[in-house]
Amino acid sequence: MKKIIIVTAALVALMTIPSCEKVLDQKSPSTFDDSVVYSNYTLAEQTIFSIHIAFGEQNSYRGRFLPWYGFNTDIEWYNSAKNDDKTQIVAYDIRTNNSQLNDSKNPFADMYSGIERANLAIEGLRTYGNTEQDSKMAYLLGEALTLRAMLYYDLTKAWGDVPARFSSLTSESLYVKKADRDVIYKQILSDLDEAIKYLPYPGASSQTATTDRVNKVFAEGLYARIALAASGFAMRPDEGKVGTGDLGTVRLSNDPDLQKNVLYPKALAYLKDAISSQTCSLVGDYETLWRNFNAMDLTAGKEFLFNIPFGANEQKARGRWNFTFAVKAENSTIFGYNVNQGGVAGPTPTTWFLYDPLDTRRDVTCVNYKLVKNVLTPGGIKSWYFGKYRFNWMTLFPYNGGNDDGVKPVVMRYADVLLMAAEIANELDETPFAKDCLKEVRRRAFKGNEAVADAYVDALSGKDAIFEAIVTERALEFCGEFLRKGDLIRWNRLYSALAAEKADMKNLASLSGDYAGLTGNVWYREAEDGESLQFYGLGPGEITSPGTDWEMEEGYVSTTKFKDEDIEYLFSQPDEESLNRRQFWPIFQYIVDTSQGTLVNDYNY
């Protein structure tokens with residue numbers, strides 16, 4: 001079976017190589033076994049690209065995992081919620097027969113397809129790739145190890161405990177039970193230890209010239225991200241009861257190898273290496289950062305460390321990122337195409353109010369307008385959009401209104417390296433370094449007012465205060481990038497944060513609590529850039545008309561415009577215990593039914 005898979009992949013790969021006729025002339029196709037594929041750089045590289053295929057499958061990262069995992073949180077929500085199976089997913093009320101995910105084509109299976117391809121590549125490269133002497137082949141091994149680690153991390157992030165497959169399939173290993181996720185964490189952390197040795201820094205080689213191939217800094221950041229999750233809180237079955245239907249509890253790992261005092265020093269060392277390498281940096285302006293993203297600037301050495309390697313050109317565009325999350329357009333002409341997409345999810349309505357007015361991230365991140373029949377129109381108080389994602393900023397391959405936009409979602413950027421370093425350094429009592437990392441992110445946010453950012457960080461006193469500042473900073477920096485759900489889970493704050501957000505949204509709707517000074521009326525006008533609206537009336541003291549060139553909407557903020565039933569869709573569970581049992585998706589019924597009895601759901605699914 002293994003050789004058949006490799007031969008097929010190799011022959012398909014050869015069809016895409018200009019010199020394929022010469023290669024085919026040299027040897028009969030029947031001789032294209034592992035020894036040929038993995039001793040030839042071009043052929044071996046094509047097997048790595050076959051791993052990328054798993055990301056772009058219709059119901060994998062492209063159309064199911066990325067559009068549906070990651071919200072709702074205290075800063076991001078499904079603003080199109082109604083009583084349907086899509087809302088069920090994000091409102092922590094998912095069922096094993098969910099119509100969006102319970103199918104023969106599903107992200108769980110596609111991720112394992114990618115893992116199987118990675119397993120084959122790793123085995124082949126170790127055996128035939130001469131990775132000890134050939135740095136290019138060593139890179140491919142490091143790339144395969146890193147992609148496998150990322151796939152497994154995403155599986156554990158969505159499903160908790162899953163089968164552990166770290167060698168290629170045989171008839172004996174085709175059906176296996178779930179493994180304790182600690183087994184997976186330890187293996188992928190070990191894999192990244194190895195991979196980091198093989199990977200060049202961003203821009204240091206032809207392979208790492210763009211951010212849709214992995215590099216050393218990304219792998220170092222991924223190690224830290226996994227270490228934070230592995231050593232943090234999560235819903236777990238009792239010891240030894242994984243895959244038995246156990247109800248589970250929120251707890252830390254009992255594995256001595258996954259404690260903070262073990263993982264944090266190594267993770268911080270990797271992050272310090274990433275920082276000191278000076279091979280990547282923050283983009284100086286927050287809006288420019290996201291204009292670069294939409295324009296698909298994948299040049300390594302800037303802020304983006306790794307982007308999902310969807311096809312991204314006019315002929316082979318894949319992915320539904322802006323299609324799902326961009327500022328909403330309704331029957332509007334953009335780049336000559338009719339666009340009726342975007343705006344499925346957005347910042348929670350209170351998120352805009354979290355930002356200091358001097359914070360340049362606010363109006364880039366939180367947008368309360370949409371384009372309706374080519375006219376900029378207020379979105380409504382409950383319908384905010386992620387301004388980081390905009391069709392009109394897609395200048396490389398203009399969006400043509402189809403299901404796939406070609407945008408390559410960012411997996412990690414340098415700001416996360418800095419804030420993870422701040423969090424870990426703070427825990428390890430390296431306070432000056434923690435503050436320096438936090439300050440670097442905040443200074444960019446307060447561009448033109450850096451002294452304000454410095455004073456804020458300098459005033460922080462004590463480990464708890466610094467930690468709380470990092471919790472807030474991660475919300476402000478990464479809203480719409482869907483890191484928050486994992487953060488809240490590992491901090492054991494999922495329920496408390498979501499419950500507080502429900503209460504905060506109800507205060508906003510009723511103009512009470514922190515919002516008691518608002519009138520509920522807003523005024524708006526088109527900004528000078530011609531592509532956005534300015535609002536007045538949402539800030540303190542903004543209670544009367546700012547001028548005759550502003551349009552007024554009375555009662556823009558009110559319980560009639562923002563109803564309790566809308567707010568209740570943030571999460572559907574009645575208490576903390578019930579919500580925590582829905583931290584993870586179930587393994588869906590189709591997969592369970594075809595597992596020959598080996599897979600059982602936990603957490604009372």
Side-chain angles (χ1 to χ4, degrees), residues 145-146 148-150 152-162 164 166 178-196 219-243 246 248-275 412 416-431 433-434 437 462-468 470-471 474 483-496 580 583-584 602-603:
L145 288 166
T146 303
R148 185 173 71 176
M150 186 186 115
Y152 264 121
Y153 168 67
D154 284 344
L155 279 163
T156 60
K157 186 171 70 175
W159 284 278
D161 303 297
V162 295
F166 290 98
K178 290 198 289 186
D180 189 310
R181 76 196 71 161
D182 288 350
V183 172
I184 293 172
Y185 283 144
K186 289 196 289 186
Q187 181 64 53
I188 61 179
L189 288 168
S190 176
D191 287 345
L192 288 170
D193 274 330
E194 180 182 2
I196 288 166
E220 290 173 325
L222 184 60
Y223 185 99
R225 183 177 284 180
I226 294 168
L228 285 165
S231 62
F233 288 94
M235 193 73 179
R236 292 170 171 268
D238 289 341
E239 201 75 35
K241 293 189 176 181
V242 169
D246 192 70
T249 56
V250 174
R251 61 180 179 86
L252 300 172
S253 170
N254 295 323
D255 193 307
D257 294 331
L258 297 179
Q259 304 307 303
K260 290 181 180 180
N261 65 341
V262 175
L263 294 181
Y264 276 24
K266 182 180 284 189
L268 185 59
Y270 281 140
L271 295 173
K272 284 184 174 181
D273 179 74
I275 294 166
M412 185 180 293
D416 199 12
V417 167
L418 290 170
L419 290 181
M420 288 191 293
E423 182 176 349
I424 295 171
N426 181 56
E427 182 68 23
L428 296 177
D429 295 315
E430 296 191 26
T431 304
F433 183 72
C437 292
K463 183 181 290 188
D464 291 345
I466 295 172
F467 174 73
E468 293 302 330
I470 293 167
V471 168
R474 290 187 67 82
L483 302 179
R484 189 66 167 180
K485 183 177 176 181
D487 285 344
L488 293 177
I489 289 171
R490 67 183 177 84
W491 293 328
N492 196 20
R493 293 188 175 194
L494 184 66
Y495 179 80
S496 61
N580 280 328
Q583 287 182 2
F584 302 112
D602 298 306
Y603 317 127

So, do D416 and R474 sit near enough that their side-chain heavy atoms are less than 4.5 Å apart?
yes

dist M412:CE -> M150:CE (nearest 0.5 Å) comes out at 9.5 Å

In this structure, CG of L488 is separated from OH of Y495 (nearest 0.5 Å) by 14.0 Å

Is the backbone N or O of P237 less than 3.5 Å from a side-chain atom of R251, with the two atoms forming a donor-acceptor pair by type?
yes

With a 4.5 Å cut-off on side-chain heavy atoms, are R148 and F166 touching?
yes

Nearest heavy-atom approach of I275 to F433 is CD1-CZ, 3.9 Å

- Under 3.5 Å, is there a donor-acceptor pair between the side chain of D246 and the main chain of D238? yes

Side chain proximity check, L252 to F233, heavy atoms < 4.5 angstrom: yes

F467 and R493 have their tightest heavy-atom pair at CE2-NH2, 3.5 Å

Notebook entry, point to check: Does E423 pair with K260 as a salt bridge, N-O distance under 4.0 Å?
Noted result: no

task = Would you indicate whether the side-chain heavy atoms of L263 and Y223 approach each other to under 4.5 Å?
result = yes

In short, W491 meets R484 closest at the heavy-atom pair CZ3-NH1, 3.7 Å

Open item on the list: Quick one, Y270 and D193 - any side-chain contact, counting heavy atoms below 4.5 Å?
Closed with: yes

*Taking side chain as C-beta onward, heavy atoms only, is K266 less than 4.5 Å from L189?*
no

- Side chains of I226 and T156 in contact at under 4.5 Å (non-hydrogen atoms): no

>> Counting C-beta onward and ignoring hydrogens, is there a side-chain heavy-atom pair between D154 and K157 closer than 4.5 Å?
In response: yes

Smallest heavy-atom separation, F584 atom then G160 atom, equals CD2-N, 3.5 Å

Closest heavy-atom pair, A219 versus I196, reported as atoms and distance to 0.1 Å, is CB-CG1, 3.7 Å

Applying side-chain hydrogen bond (donor to acceptor under 3.5 Å, both in side chains) to S253 and not counting sequence neighbours gives D182

From the list D602, D255, D161, salt bridge (charged side-chain N to carboxylate O under 4.0 Å, His left out) with R181 holds only for D161

Value for CG (L271) from OH (Y264), rounded to nearest 0.5 Å, stands at 11.0 Å

Between the CD1 atom in I188 and the OH atom in Y152, the distance rounded to the nearest 0.5 Å is 9.0 Å

Rounded to the nearest 0.5 Å, the SG atom of C437 sits from the CD1 atom of I466 at a distance of 11.5 Å

side-chain hydrogen bond (donor to acceptor under 3.5 Å, both in side chains) filter on D429, not counting sequence neighbours, yields K463

With sequence neighbours left out, the residues meeting side-chain hydrogen bond (donor to acceptor under 3.5 Å, both in side chains) with D180 are none

Output for pair (L494 CG, D487 CG), nearest 0.5 Å, gives 11.5 Å

Note: L222 and A149 closest approach over all heavy atoms is CD2-CB, 4.3 Å

